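Only a predicted model underlies this, so the values are computations on that prediction, with no experimental measurement involved. In what follows, chains carry the letters A, B, and so on, assigned in the order in which the sequence lines appear, proteins first and then strands, with residues in each chain numbered from 1.
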Amino acid sequence: MLKEIAGQSPQQWEKRLEQLAPELLEELEEKKEPVKGLPALPGADGGVVMRFAPNPNGPPTLGSARGIIINSEYVKKYGGKFLIRFDDTDPVKKRPMPEAYGWYLEDCEWLLARPDQVITASERVGQYYPIAEELIRRGGAYVCQCNQEQFKALKDAATACPHRDQSLEENMELWRMMLDGRLGEGEAVLRIKTDIKHRDPAIRDWAAFRIVTTPHPIVGDRYRVWPLLDFESAVEDHLQQVTHILRGKDLMDSETRQRYLYQHMGWTYPRVVHWGRIKIHQFGSFSTSKLRKAIEAGEYTGWDDPRLPTVRAVRRRGLRADALRKFMVELGVGETDISISMDTIYAENRKLVDPEADRRFFVWDPVEISIAGAVPDRVEAPLHPTIKRGVRSLTAGNRVFVCRSDLEGRSSGDRLRLKDFCNVEIVGPKEARLIDLDPDTARKQRLPIIHWAPPDSLAVKVLGPERTDTGVAEPGIACDLNRVVQFERYGFVRIDSLGNPITACFAHR
RNA sequence: GCUCCGGUAGUGUAGUCAGGUCAAUCAUUCCGGCCUUUCGAGCCGAAGACUCGGGUUCAAAUCCCGACCGGAGCACCA
């Protein structure tokens, strides 16, 4: 029987199945449908509460954008709440930047991911204390006075430290001593009991609170006992009733650690999805603290320097939020570490921006040439090559600018067309002579077509991720402040400031 | 050293849980052609991948084992 089936073709199987059970055939076809957008989140059908939890020690980078976008995208998909939570509980080693809180909110807004609620951990530390005390009462936590090396040695040997089985009263008293100052920095931590023999040493009795006397940039010296990430995050996720956590693979152990706390408290842990590290070809790997140092050293002009992989920098260059969103959604949420190229983001952005961007002439490395003959004083050029939305009027005349590179390698007798203007023949190093105005001449003679800039052009400096170009551009760009335009044969730019020179930021070709 | 995770075209990604129509999806990139008064856009075409080795099975990208490669954690950082 089996042999008989194996000998038949898939088409024959299908026919047979159709006779036997047509409903199963439908099911087969259903399965083939490709899923669009983000993969389904298990258990999300009743709505979700999700959060993005940055440390505000700089503005969001493109890596943060992924977290902001994917979280908010899921909330959009299933309904529910999107939270921003500032995990700013280290006043020393990961000292928060007061300005950065606002930067996150601004960039979220721009990324079309307005949070439904904003939580700042440093302002809520007082609410964590009763939970710590409850944990002590339940025997799930203890005050440990080992120094770091001692504890590490014991932990690596899978042995409990002497403080682990102190009485409840002792622990409470020590905890009060942490709070009221009788214990100093480094003298004690509160640990969550896990399994001291857990096969993974990273899980064993982790620290939940430590003493820090350095004032916090937001709340000053309001607290001297500060939670560590695993405690703060675990508790806050429960308080906010977070349903799904998206977190980096680097925090994979956190779930295992935090589950012990949840167990002690009788809470249920949210669902967790992990994703791998993201690297961008054009920027290499970057960290906020590294960028911060480079900025402070004067290597960059600021957090929105077009050479930087921050959200504000790409915004300044004229990348659009919806392009970024589309790109991030297509990246998905895989656990593999990925290395992406900005080219893919650029391609996405180009599709959105190309139909909307007016065309402008920008001549880099300009050379002034003279054209002998009766050339018009003004010409008109379309604002867009295929979408009819009008023209721009340009001053023309006998002297215009062209790119040095368009002249190089040409000699007397060579002909070319100045786009939307005239056909010329080279007669000298910087001299040309008019042939005629007809674009058909250029077409028939297959002349190279170059662009040019009018005599009344303005000085322009284009700041790009890879280099800075200087040149001149038609004066109309003075009306394009904050808009994205295409400099023909150059690329898309956002006009960044009016001045002398006008500055533009380069987006992409 | 201990522990965890991953490996589909150049880059991402779908498919892997529930093995079969997967000679493998989509996007981007690259190449060729067409079109175009931009080196942009558009159109057409092409190239390009299941890390390796065993095993299970009629059948393996999919399940199992091992190797290799890559990433991460073992903080009083986030």
Side-chain angles (χ1 to χ4, degrees), chain A residues 2-3 5-7 9-11 13-14 28-29 31-32 34-36 39 53-55 57 87-90 92-96 144 146-148 151-152 155-156 158 185-191 198-204 206-212 226 228-230 232-233 248-254 256-257 274 276-277 281 288-289 326-327 330-332 334-341 343-348 350-351 353-355 357 359 361 381-382 384-387 417-421 423 438-443 447 449-451 486-492 508-509:
Chain A
L2 284 173
K3 254 181 198 155
I5 293 170
S9 70
Q11 286 75 21
W13 300 344
E14 194 170 322
L28 275 179
E29 274 155 20
K31 206 179 164 185
K32 286 302 280 183
V35 233
K36 269 279 159 231
N55 176 327
N57 59 353
D87 284 349
D88 57 345
T89 54
D90 190 334
V92 181
K93 294 186 187 164
K94 293 247 163 123
R95 191 170 175 80
C144 170
C146 296
N147 66 40
Q148 277 189 68
F151 186 82
K152 180 174 168 46
K155 181 201 69 183
D156 287 346
E185 223 171 61
E187 288 180 354
V189 296
L190 184 77
R191 285 190 190 285
H198 196 284
R199 55 201 311 261
D200 183 351
I203 306 305
R204 300 171 190 161
W206 48 275
F209 283 89
R210 84 301 208 185
I211 299 165
V212 182
W226 283 90
L228 285 134
L229 177 74
D230 273 313
E232 181 269 329
S233 179
K249 257 198 331 186
D250 51 325
L251 261 30
M252 228 165 202
D253 294 337
S254 280
T256 318
R257 276 196 288 258
H274 291 110
R277 274 227 181 290
H281 296 325
T288 309
S289 47
K326 185 141 186 276
F327 172 78
E330 269 160 17
L331 267 194
E335 277 193 32
T336 30
D337 297 325
I338 54 173
S339 184
I340 57 160
S341 170
D343 290 345
T344 316
I345 298 179
Y346 295 157
E348 216 58 75
R350 194 179 295 118
K351 281 179 204 157
V353 131
D354 182 76
R359 269 48 180 177
F361 284 152
H384 194 280
T386 54
I387 301 167
R417 173 162 181 83
L418 301 183
K419 188 170 182 283
D420 302 311
F421 182 17
N423 306 308
D438 191 354
D440 286 334
T441 310
R443 212 167 319 178
L447 300 186
I449 296 162
I450 66 167
H451 69 294
Q486 188 204 47
F487 283 167
E488 295 200 36
R489 299 176 69 222
Y490 182 77
F492 294 92
H508 48 74
R509 290 200 62 85

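- In this structure, CG of A/D343 is placed 13 Å from P of B/U11, rounded to the nearest angstrom.
- The side chain to side chain contact (heavy atoms under 4.5 Å, CB included) search around A/A188 returns A/V143, A/Q145, A/M178, A/L183, not counting sequence neighbours.
- For A/Q148 and B/C76, the shortest distance from a side-chain N or O to OP1 or OP2 is below 4.0 Å.
- Taking only side-chain nitrogens and oxygens, A/R210 never comes nearer than 4.0 Å to OP1 or OP2 of B/A75.
- Interface remark: the A/E330 side chain does not form any donor-acceptor pair with the B/U28 base, using a distance-only criterion of under 3.5 Å.
- With sequence neighbours left out, A/K351 forms a salt bridge (Lys or Arg N to Asp or Glu O under 4.0 Å) with A/E348.
- Legend: residues meeting ring-ring contact (aromatic ring centres under 6.0 Å, His included) with A/F151, ordered by chain and number and at least two apart, are absent.
- By the salt bridge (Lys or Arg N to Asp or Glu O under 4.0 Å) test, A/D438 pairs with no residue at all, sequence neighbours left out.
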Nucleotide by nucleotide, nucleotides 69-74 of chain B touches protein heavy atoms under 4.0 Å in the pattern (B base, S sugar-phosphate only, - none) --SSBS

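- Regarding A/E232, its CD atom lies at a distance of 13 Å from the P atom of B/C77, rounded to whole Å.
- A/E185 meets the side chain to side chain donor-acceptor pair (under 3.5 Å) test with A/T213; sequence neighbours excluded.
- In this structure, A/E335 atom CD and B/G12 atom C1' are separated by 17 Å, rounded to whole Å.
- Considering only residues two or more places apart in sequence or on other chains, A/R443 meets the salt bridge (Lys or Arg N to Asp or Glu O under 4.0 Å) condition with A/D440.
- Between A/R199 and B/C4 there is a side-chain N or O to OP1 or OP2 distance below 4.0 Å.
- Taking 4.0 angstrom as the limit, A/K351 places a side-chain polar atom (N or O) nearer than this to OP1 or OP2 of B/U28.
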Taking only Watson-Crick and G-U wobble pairs with both distances under 3.5 Å, what dot-bracket line describes RNA chain B, where [ ] shows pairs that cross earlier ones and | shows pairs with another strand?
-> (((((((..(((.......[.....)))(.((((.......)))).)...(((((..]....))))))))))))....

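- When the C1' atom is used for both B/C64 and B/U57, the distance is 12 Å, rounded to whole Å.
- Contact annotation: A/R350 side-chain N/O to B/G40 OP1/OP2 distance is not under 4.0 Å.
- When the salt bridge (Lys or Arg N to Asp or Glu O under 4.0 Å) test is applied to A/D343, no partner is found at least two apart in sequence or on another chain.
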